[in-house]
Amino acid sequence: QVQLVESGGGLVQAGGSLSLSCAASVRAFAWNAVGWFRQAPGKERDTVAAINWSGGSIYYADSVKGRFTISRDNAKNTVYLQMNNLKPEDTAVYYCAARRSTLVAAEPNGYDYWGQGTQVTVSS
């Protein structure tokens, strides 16, 4: 069982930056692919970015390409999401999730372990 804790959310003005962290409870996290997802009120949960176990395979949603960067530090059991040039439409609860595979999956239903989420609010 992998427990995940997100941190780093908050309120920021449009054009600003935030950095999210996802810390895992187990060392074996290094072998899990991890994704970041977001869910706005009344909308489905969407994939934002995902990274395989080594960092050598990365997926980004078209809406965040060039603005967001996913990375991981397996020595710290942590995955990061750097978000730059934030827009009001990026406002959502952001979740990280891990899957029982080293390979990236593009859809949320491909992930097995979920954190509780962190709120990101971008004001115009």
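Worth knowing before you read on, the calculation uses all heavy atoms, side chains too, and leaves out hydrogens, waters and symmetry mates.
- Considering only residues two or more places apart in sequence or on other chains, Arg38 meets the salt bridge (charged side-chain N to carboxylate O under 4.0 Å, His left out) condition with Asp90.
- No side-chain donor-acceptor contact under 3.5 Å links Asn84 to the backbone of Ser17.
- Other members of the cluster containing Val104 are Phe37, Tyr59, Val93, Tyr95, Tyr111, Trp114, with ILVMFWY side chains joined at under 4.5 Å, either directly or via other members.
- For Asn52 (side chain) and Ser57 (main-chain N/O), a donor-acceptor pair under 3.5 Å exists by modelled atom type.
- Cluster partners of Tyr80 are absent, since no Ile, Leu, Val, Met, Phe, Trp or Tyr has side-chain heavy atoms less than 4.5 Å from it.
- Annotation: side chain of Leu20 is in contact with side chain of Thr118 (closest heavy-atom distance under 4.5 Å).
- Heavy atoms of other residues, nucleotides or ligands lying less than 6.0 angstrom from CD of Gln119 number more than 12.
- Formation of a donor-acceptor pair under 3.5 Å by the Asn74 side chain with backbone atoms of Trp53 is found in this model.
- Using modelled atom types, one finds no donor on one side chain facing an acceptor on the other under 3.5 Å when comparing Thr91 with Glu89.
- Side chains of Leu81 and Val48 form a contact here, defined as non-hydrogen atoms less than 4.5 Å apart.
- A search for salt bridge (charged side-chain N to carboxylate O under 4.0 Å, His left out) contacts involving Asp46 returns nothing, not counting sequence neighbours.
- Between Cys96 and Val79, the closest side-chain pair of non-hydrogen atoms is not below 4.5 Å.
- Remark: Gln116 CD to Gln3 CD distance equals 9.5 Å, nearest 0.5 Å.
- In this structure, Gln39 and Tyr94 have side chains that are not in contact, with every pair of non-hydrogen atoms separated by 4.5 Å or more.
- The OG atom of Ser124 lies 9.5 Å from the CD atom of Gln13; values are rounded to the nearest 0.5 Å.
- Here the closest non-hydrogen pair linking Gly117 and Glu6 is N-OE1, 2.9 Å.
- Shortest non-hydrogen contact noted between Ala98 and Leu4 is N-CD1, 3.6 Å.
- Evaluation of the salt bridge (charged side-chain N to carboxylate O under 4.0 Å, His left out) rule for Lys65 yields Asp62 as partners, not counting sequence neighbours.
- Closest approach of Pro88 to Ala14, counting heavy atoms only: CD-CB, 4.1 Å.
- Between the side chain of Ser101 and the main chain of Leu103, a donor-acceptor pair closer than 3.5 Å is present.
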| query | Should Leu18 and Leu86 be marked as a side-chain contact (heavy atoms from CB on, under 4.5 Å) after you check the CA-CA gap, both sets of side-chain angles, and the distance that decides it? | reply | CA-CA 8 Å; Leu18 282 175; Leu86 282 160; 4.1 Å; yes
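- Hydrophobic cluster membership of Val5, counting Ile, Leu, Val, Met, Phe, Trp and Tyr whose side-chain heavy atoms lie under 4.5 Å apart directly or via other members: none, as it forms a cluster of its own.
- Note: Met83 CE to Ser19 OG = 7.5 Å, rounded to the nearest 0.5 Å.
- A donor-acceptor contact shorter than 3.5 Å links the side chain of Thr78 to the backbone of Lys76.
- Using modelled atom types, one side-chain atom of Tyr60 and one backbone atom of Ile70 make a donor-acceptor pair closer than 3.5 Å.
- Asn77 has its side chain out of reach of Val26: every pair of non-hydrogen atoms, C-beta onward, lies at least 4.5 Å apart.
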| query | Hey, mind stepping through Arg99 and Asn32 against side-chain contact (heavy atoms from CB on, under 4.5 Å) and telling me if it holds? | reply | CA-CA 6 Å; Arg99 65 189 308 247; Asn32 299 106; 5.9 Å; no
